[in-house]
Each structure stands twice: as C-alpha cells, then as structure tokens.
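The structure under discussion appears below in the form of structure tokens.
By convention in this document, chain letters (A, B, ...) are assigned in the order of the sequence lines, proteins followed by strands, and residues within each chain are numbered from 1.
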Number of protein chains: 2
Amino acid sequence: MAFLIAQRAFIKLYLITMVEKNRGYGYQMLEELRNEFKSFGYSPPQSEIYRALHELVQEGVLYRTKKLKGNDPSVDFQEIVLYHFTDQGAELAKLYKKQVKADLDRCLAILHKSVEDNY
Amino acid sequence: MAFLIAQRAFIKLYLITMVEKNRGYGYQMLEELRNEFKSFGYSPPQSEIYRALHELVQEGVLYRTKKLKGNDPSVDFQEIVLYHFTDQGAELAKLYKKQVKADLDRCLAILHKSVEDNY
DNA sequence: CGATGAACATCTTGTTCATTC
DNA sequence: GAATGAACAAGATGTTCATCG
C-alpha cells in the first residue's frame, strides 16, 4: 500500500485540467505550474511534465497535434505540441480524476492525523 | 525543491513522539503505526521503521539499550532494543519536529490547492 | 512467531545532455 | 532563450532473505 500520492499522478491531474481548459503545450504548462507553486517551495521538474504527458498519451487519454507557435511562419518556426482528449479521453480523464480525488483526500487525512498526533 | 514530505521523515516524526511517550521498541512501534493507519490504506513497511530508527541514532538524537523482553529470563530470552533521547536528543528532536511541522503544513497547503484547482 | 537487521531489486525522481528554431 | 525529448544518475522505497530465541 502506498504512502502519499506520487508526484506523477499529481501532475497528471493538473495537466488534464489544463487540457480541459485548452491550455496548450508542455513548456507552457510547466511554466504555469512552476509559477503557481513557487510560493510553496515546489518547482516541478521539466522532465516530469513531459513524462506525464507521454504517459497520458500512452494511456489513450490524450493525443498530440503539432503547430507552429507564431501566426506568421516567416517570423517564428518554433514547433509546439498541443494536447487534446481522444474520443474516450474525456471519460478516462473523468475516471482518473475521481480516483486521484480519493487519493488526495486520503493524503489530507493522513497529514491531518499526523499533525494531531504529534503536536 | 521537494514535492511532498518523504515517508522517512514522516515516520521519524512518529518515532520521536513515541519515544517521548516511552513507547519502547521497534517492532512494537511498527505494529502500532500499522494499526493506526490501517484504515487509511497505509501500512508502513518494516524496513522503513528500522531505517528511521537507525538514522535517528546516527544523527545523535537517540541511543539504544538492550533488554530481555519478559521479566522472567527463564521463560523468554527475546532481546529487544529500546530507544531513548541522548543528552542533546530532546533539543534536536524539538528542532526536527519544528521543521517537519513546517513541511506538513506546506504539504497540506499544496494538496488543498490541488483540490481547489482541479475539482 | 516476535524481533532486528541487511541485501537486493525496483520504482520514482532529479540532473544533465542533445536537438531544434 | 523557448521547446521537446531522452539519457543518465541518484534516491527513496518495497520485497525478500538471514538470524536469533
């Protein structure tokens, strides 16, 4: 049995939510997460974001499209990878979120307990 | 920067509290923890408890004494290892607990945030 | 079986490098 | 520097084995 939720699962949850909100590509999501958690002393490593995205693709939740970043191709040729739900993706995501929610609640309960027990 | 608190630190916290309360030896503490967290779907592995105890000794927080378990040596020769605070141990423990408390609060904040952000 | 310990195997992470524009 | 990816190194854990009474 597991202790606390894994970082990977935690990040996947955020990625799914971001895809729901049409927040585009990897690097951007990374920056956003780093920003969000900066004040919590947590800076998700870049590799974890990509790994998580790859896993979500493997699992059939997301699929990828490629796009040039700028609107004017003559200015910016940078290619970015966008993520979208597959046909079953929305369903799978819903299920995944449900499971993670249960795990988050479990973790919160454990941590609360430990504060009560030790302080 | 770290994500959530490590299992090791979490266990050390409990061990320190248990030593404060004169709750004796490794195996016993293991059983107690397993019992406490059974309903949370968490069963700390035996190796982690011993590793944590060894570390606390390394760090100069605890020292060990050995004792025969039963009161009547002719009946039970089982040797157990008891843990106590060293001279500086109480101080070190206090400090350690303070740090862990900060980390626990940080973890709680992160998890709460993630529930807010994703549900 | 209760008790302690170590070894080993693995899974999860963090750091670094490679590549492209 | 923005962006993606993989390789590699290190750490933290889980599982199994060894020993003793």
Original post:
Does B:Lys113 count as lying over the ring of A:Phe37, i.e. NZ or CZ under 6.0 Å from the six-ring centre, within 45 degrees of the axis?
Top reply: yes
**OP:** Kindly write out the residues that satisfy side chain to side chain donor-acceptor pair (under 3.5 Å) with B:Glu59, not counting sequence neighbours, or none if the list is empty.
**Re:** B:Lys12
Original post:
Are A:Tyr83 and A:Val57 side-chain neighbours, meaning at least one heavy-atom pair lies under 4.5 Å?
Top reply: yes
**OP:** Quick one: closest heavy-atom pair of A:Ile49 and A:Leu30, and the distance?
**Re:** CD1-CD1, 3.6 Å
**OP:** Return yes if some donor-acceptor pair links the side-chain N/O of B:Tyr119 with the main-chain N/O of A:Lys97 below 3.5 Å, else return no.
**Re:** yes
Subject >> N-O pairing of B:Glu20 and B:Lys94 below 4.0 Å >> reply: no
Original post:
Does B:Arg8 come within less than 4.0 Å of B:Glu55, counting only side-chain N to carboxylate O?
Top reply: yes
Subject >> Distance, rounded to the nearest Å, where A:Arg34 contributes CZ and D:dA2 contributes P >> reply: 11 Å
Subject >> DNA chain C contacts among residues 4-19 of chain B, heavy-atom distance under 4.0 Å >> reply: none
**OP:** May I ask you to test the B:Val100-B:Ile16 pair for a side-chain heavy-atom distance under 4.5 Å?
**Re:** no
Original post:
Reading nucleotides 2-9 of chain C 5' to 3', which nucleotides get B (base under 4.0 Å from a protein heavy atom), which S (sugar-phosphate only), which -?
Top reply: BSBBB---
Original post:
B:Phe3 has an atom CZ; how far is it from atom P of D:dT13, in whole Å?
Top reply: 13 Å
**OP:** Could you check how far CD of B:Glu55 sits from C1' of D:dA12, rounded to whole Å?
**Re:** 10 Å
